[in-house]
Number of protein chains: 2
Amino acid sequence: MGRWEPDARGRMTRAALELFAERGFEQTTACDIAERAGVTERTFFRHFADKREVLFDGSESLVRTAREAILAAPDLPPFDAALVGVVAATDLLEGHREHAAHRARIIEANPGLRERELLKIAALADLTTEALRTRGVAEPAAALAAHSAVAVFQVAFARWVAEEQRADLATCVAETAAALRALV
Amino acid sequence: MGRWEPDARGRMTRAALELFAERGFEQTTACDIAERAGVTERTFFRHFADKREVLFDGSESLVRTAREAILAAPDLPPFDAALVGVVAATDLLEGHREHAAHRARIIEANPGLRERELLKIAALADLTTEALRTRGVAEPAAALAAHSAVAVFQVAFARWVAEEQRADLATCVAETAAALRALV
DNA sequence: GTCTATAGGGCGATAGAC
DNA sequence: GTCTATCGCCCTATAGAC
């Protein structure tokens, strides 16, 4: 057995989610999280640029999945291509509605966390724009299609976790996309 | 003459813009800004919740303008009503292209500032959604129309400050809105 | 205005993996 | 030997409390 327990990163993300739920984000110090995970505070900051980042550990793979799906898709109109990326990203969340809702509640309760989430969503929009451009879509169509698809994702996600509906996320996205088309 | 120089708030916002441009956001402390503005650090934090906030002093009136324009508008389809709000907000920026571009460059260079800007944009989307709902628009149409209009604003603003074009902001918004309609 | 806790970066030491 | 993860201590700026 090694000198340290394995999966320090996973232990830290789980500890953080627990502590934020128990006593709130602001009332939890980076030191508390590190302690519960069995590492030092300094190790925490080596894995995560700041305290908020520990809640967004999976976001990079989500964005990468969207990007790759767009690049691999058949030839489609810009908005449809952007939706392909969003749908691929949502696939990673499907089946984890409880966890997503739990996490969303923590983020909603703190403006600083909301801020960070918006940055991650903006990154999704930016990478989607870039992927569309790689597929030959010109500006401003690429940026507009990307922002619209991401707006669909946001609205659909909010409805999905709002508990009233039991539909899966893919269905929410499809319905919301149809609603947008009817609207503009 | 009073005990203190007037317009401490204005002096602080100007000092901050200067210092951020001269040496960057991170290399400027709240203390530096206060010093150049001729106030104490404590006074700075009395006016602004945190260091970033000093760059977003006008954003509240922008959002309020958008909201009031929507509530005062004649009866329109949801997306058109949302655009009325965006256009009203952009009126406040018209004629200050140089200043807007300068400020945008500072924000773009710092992820933390980008984060704050996204929060302000999200506030614009949220208030627009709420205004549309007040006008009788149901969900998810209200949220989708608001997000789409704000996306148009973001893309149009980016093109406006990108220097190549000399068109005014209202023209950029109109063209971008037309592009979105053609797209979805 | 003063005091203080927390965030978070710098640097060197240590101990395993290769 | 190099590379990488962890640790410990020092530091400053932020931002809230009194």
Side-chain angles (χ1 to χ4, degrees), chain A residues 1-57 59-60 106-107 109-120, chain B residues 2-5 8-9 11-13 15-57 59 106-107 109-120:
Chain A
M1 127 174 174
R3 190 159 154 224
W4 303 288
E5 291 299 315
D7 193 25
R9 197 181 178 92
R11 289 205 312 281
M12 286 190 278
T13 58
R14 283 188 294 276
L17 202 73
E18 287 169 21
L19 286 163
F20 293 162
E22 285 171 23
R23 56 175 99 150
F25 176 75
E26 317 233 292
Q27 282 65 47
T28 304
T29 70
C31 204
D32 295 334
I33 301 167
E35 196 180 350
R36 181 169 296 197
V39 298
T40 67
E41 184 191 22
R42 202 67 200 83
T43 297
F44 177 86
F45 282 114
R46 245 183 225 96
H47 281 266
F48 306 104
D50 59 56
K51 200 174 69 165
R52 283 171 285 170
E53 198 64 18
V54 71
L55 267 179
F56 298 91
D57 206 23
S59 81
E60 205 211 331
I106 293 173
I107 291 171
N110 186 279
L113 290 172
R114 178 102 201 282
E115 220 171 41
R116 179 56 53 86
E117 184 178 56
L118 292 167
L119 191 71
K120 300 301 183 180
Chain B
R3 225 165 118 202
W4 300 286
E5 292 299 314
R9 196 182 180 93
R11 289 206 311 282
M12 286 189 280
T13 59
L17 203 73
E18 287 169 22
L19 286 164
F20 294 162
E22 285 170 23
R23 54 175 101 150
F25 176 76
E26 317 232 289
Q27 283 63 47
T28 304
T29 70
C31 206
D32 296 333
I33 301 166
E35 196 180 348
R36 181 169 296 198
V39 299
T40 66
E41 185 191 24
R42 191 71 194 78
T43 298
F44 179 86
F45 282 111
R46 250 198 293 278
H47 282 265
F48 306 104
D50 59 56
K51 198 174 72 167
R52 282 173 283 171
E53 199 63 19
V54 71
L55 267 179
F56 298 90
D57 207 23
S59 82
I106 294 172
I107 291 170
N110 185 279
L113 290 171
R114 179 101 203 282
E115 218 170 43
R116 177 57 51 86
E117 183 178 57
L118 292 167
L119 191 70
K120 301 299 185 184

Q: Does D:dT6 have its OP1 or OP2 closer than 4.0 Å to a side-chain nitrogen or oxygen of A:H47?
A: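 A:H47 to D:dT6 OP1/OP2: side-chain N or O found under 4.0 Å.
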
Q: Listed by chain and number, what are the side chain to side chain contact (heavy atoms under 4.5 Å, CB included) partners of B:A37, not counting sequence neighbours?
A: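 Partners of B:A37 under the side chain to side chain contact (heavy atoms under 4.5 Å, CB included) test: B:R11, B:M12, B:A15, B:V39.
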
Q: Can you sort out the partners of A:A21 under side chain to side chain contact (heavy atoms under 4.5 Å, CB included), two or more places apart, ordered by chain and number?
A: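 Expected list: A:H102, A:I106.
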
Q: Please assess B:V54 against B:F20 for the test side-chain contact (heavy atoms from CB on, under 4.5 Å), listing each intermediate value before the final yes or no.
A: CA-CA 11 Å; B:V54 71; B:F20 294 162; 4.0 Å; yes

Q: Per the salt bridge (Lys or Arg N to Asp or Glu O under 4.0 Å) rule, what does the pair list look like for residues 41-51 of chain B, sequence neighbours excluded?
A: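 Pairs touching residues 41-51 of chain B that pass the test: B:D50-B:R116.
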
Q: Expressed as a whole number of angstroms, how long is the span from A:R52:CZ to C:dG8:C1'?
A: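 That distance rounds to 12 Å.
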
Q: Atom CZ of A:R46 to atom P of C:dG10: distance rounded to whole Å?
A: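 A:R46 atom CZ is separated from C:dG10 atom P by 11 Å.
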
Q: May I have the distance from B:L113 (atom CG) to D:dT14 (atom P), rounded to whole angstrom?
A: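 Atom CG in B:L113 sits about 13 Å away from atom P in D:dT14.
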
Q: What is the distance, rounded to the nearest whole Å, between atom CD of A:E53 and atom C1' of C:dG8?
A: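 The answer, rounded to whole Å, is 14 Å.
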
Q: Could you pull out all residues at least two apart from B:R9 that satisfy side chain to side chain contact (heavy atoms under 4.5 Å, CB included)?
A: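 B:H47, B:F48, B:D57.
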
Q: In chain order, what residues pass the side chain to side chain contact (heavy atoms under 4.5 Å, CB included) check against B:R23, with sequence neighbours excluded?
A: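 With neighbours one apart ignored, the set is B:L19, B:Q27, B:T28, B:D32.
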
Q: Heavy atom of residues 21-45 of chain A under 4.0 Å from DNA chain C: which residues?
A: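 Within this stretch, A:T29, A:A30, A:R42, A:F45 sit under 4.0 Å of the strand.
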
